[in-house]
**Student:** 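The structure follows.
Here, residue 1 is the first one in the sequence, and each next residue gets the next number.
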Amino acid sequence: QVQLVESGGGSVQPGGSLRLSCAASGDTYSNYWMGWFRQAPGKEREGVAAIWTGGSYTPYADSVKGRFTISQDKAKNMLYLQMNSLKPEDTAMYYCAAEPWIPVSNKRLSASSYNYWGQGTQVTVSS
């Protein structure tokens with residue numbers, strides 16, 4: 001069991017930056033796939049980036065490659081998402097998620113692969 005709490009959302013102008021944080025507690029001794037997802041009103045939840053806590057493999061959605069960076073601080077049980085060059089289409093509720101094992105590589109950015117979720121943090125990009 002893992003509990004996740006996101007923070008760091010807010011409002012920013014296009015071209016700006018935000019860093020989201022996700023604090024993990026509970027069974028943090030095991031390795032997990034941890035991911036950032038987002039959901040805009042009327043749209044499905046989509047995977048943004050993921051990371052294996054036991055390594056450095058980090059898949060990204062094409063829409064954020066080169067702009068977003070996922071990272072972790074294992075000592076602090078923290079997950080981060082640095083978001084640069086933000087666009088209005090990045091506006092969404094952002095969620096942190098965790099899952100012990102996702103063996104199929106093309107499922108690691110799929111929301112249905114994850115069972116542990118935070119409550120979300122809102123990101124709004126507008127001028």
**Student:** Other than Ile102, which residues form its hydrophobic cluster under the rule that side-chain heavy atoms must be closer than 4.5 Å?
**Tutor:**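 Other cluster members: Trp33, Phe37, Trp52, Tyr57, Met93, Tyr95, Trp101, Tyr114, Trp117.
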
**Student:** Under 3.5 Å, side chain of Thr53 to main-chain N/O of Tyr32, donor-acceptor pair present?
**Tutor:**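 Yes; judged by distance alone, with no hydrogens or angles, the pair exists.
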
**Student:** Name all pairs fulfilling the salt bridge (charged side-chain N to carboxylate O under 4.0 Å, His left out) condition that reach into residues 92-108, sequence neighbours left out, sorted by first residue then second.
**Tutor:**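 Residue pairs passing salt bridge (charged side-chain N to carboxylate O under 4.0 Å, His left out), neighbours aside: none found.
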
**Student:** Mind checking side-chain contact (heavy atoms from CB on, under 4.5 Å) for Leu18 and listing every partner two or more places apart, or none if nothing turns up?
**Tutor:**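 Applying side-chain contact (heavy atoms from CB on, under 4.5 Å) to Leu18 gives Val12, Met83, Leu86, Val123.
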
**Student:** Sorted by first residue and then second, give each side chain to side chain donor-acceptor pair (under 3.5 Å) pair with at least one member in residues 12-22; sequence neighbours left out.
**Tutor:**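 Checked against side chain to side chain donor-acceptor pair (under 3.5 Å) - neighbours excluded - the pairs reaching residues 12-22 are Ser17-Asn84.
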
**Student:** When Ile, Leu, Val, Met, Phe, Trp and Tyr are grouped by side-chain heavy atoms lying under 4.5 Å apart, directly or through other members, which residues fall in the same group as Met78?
**Tutor:**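 In the cluster with Met78 are Tyr80.
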
**Student:** My understanding is that only residues two or more places apart in sequence, or in another chain, count here; which of them pass side chain to side chain donor-acceptor pair (under 3.5 Å) with Lys87?
**Tutor:**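 Counting only residues at least two positions away or on another chain, Lys87 forms no side chain to side chain donor-acceptor pair (under 3.5 Å).
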
**Student:** Mind checking what makes salt bridge (charged side-chain N to carboxylate O under 4.0 Å, His left out) contact with Asp73, not counting sequence neighbours?
**Tutor:**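 Salt bridge (charged side-chain N to carboxylate O under 4.0 Å, His left out) check on Asp73 returns nothing, list empty.
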
**Student:** Arg45: what forms a side chain to side chain donor-acceptor pair (under 3.5 Å) with it, not counting sequence neighbours?
**Tutor:**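 Side chain to side chain donor-acceptor pair (under 3.5 Å) list for Arg45, sorted by chain: Gln39.
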
**Student:** Quick one: name the residues clustered hydrophobically with Val104, using the 4.5 Å side-chain heavy-atom rule over I, L, V, M, F, W, Y, and just say none if it's on its own.
**Tutor:**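 So far as hydrophobic clustering goes, Val104 is joined with none.
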
**Student:** Sequence neighbours left out, what passes side-chain contact (heavy atoms from CB on, under 4.5 Å) with Thr69? Give chain and number order.
**Tutor:**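 By the side-chain contact (heavy atoms from CB on, under 4.5 Å) rule, Thr69 matches Tyr60, Gln82.
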
**Student:** Tell me which donor-acceptor pairs under 3.5 Å the side chains of residues 2-9 have, and how far apart each pair is, sequence neighbours excluded?
**Tutor:**
| from | atom 1 | to | atom 2 | distance (Å) |
| --- | --- | --- | --- | --- |
| Glu6 | OE1 | Gln119 | N | 2.9 |
| Glu6 | OE1 | Gly120 | N | 2.9 |
| Glu6 | OE2 | Cys96 | N | 2.7 |
| Glu6 | OE2 | Gly120 | N | 3.3 |

**Student:** Among residues at least two apart in sequence or on other chains, which ones pass side chain to side chain donor-acceptor pair (under 3.5 Å) with Ser110?
**Tutor:**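 Listed in chain order: Ser112.
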
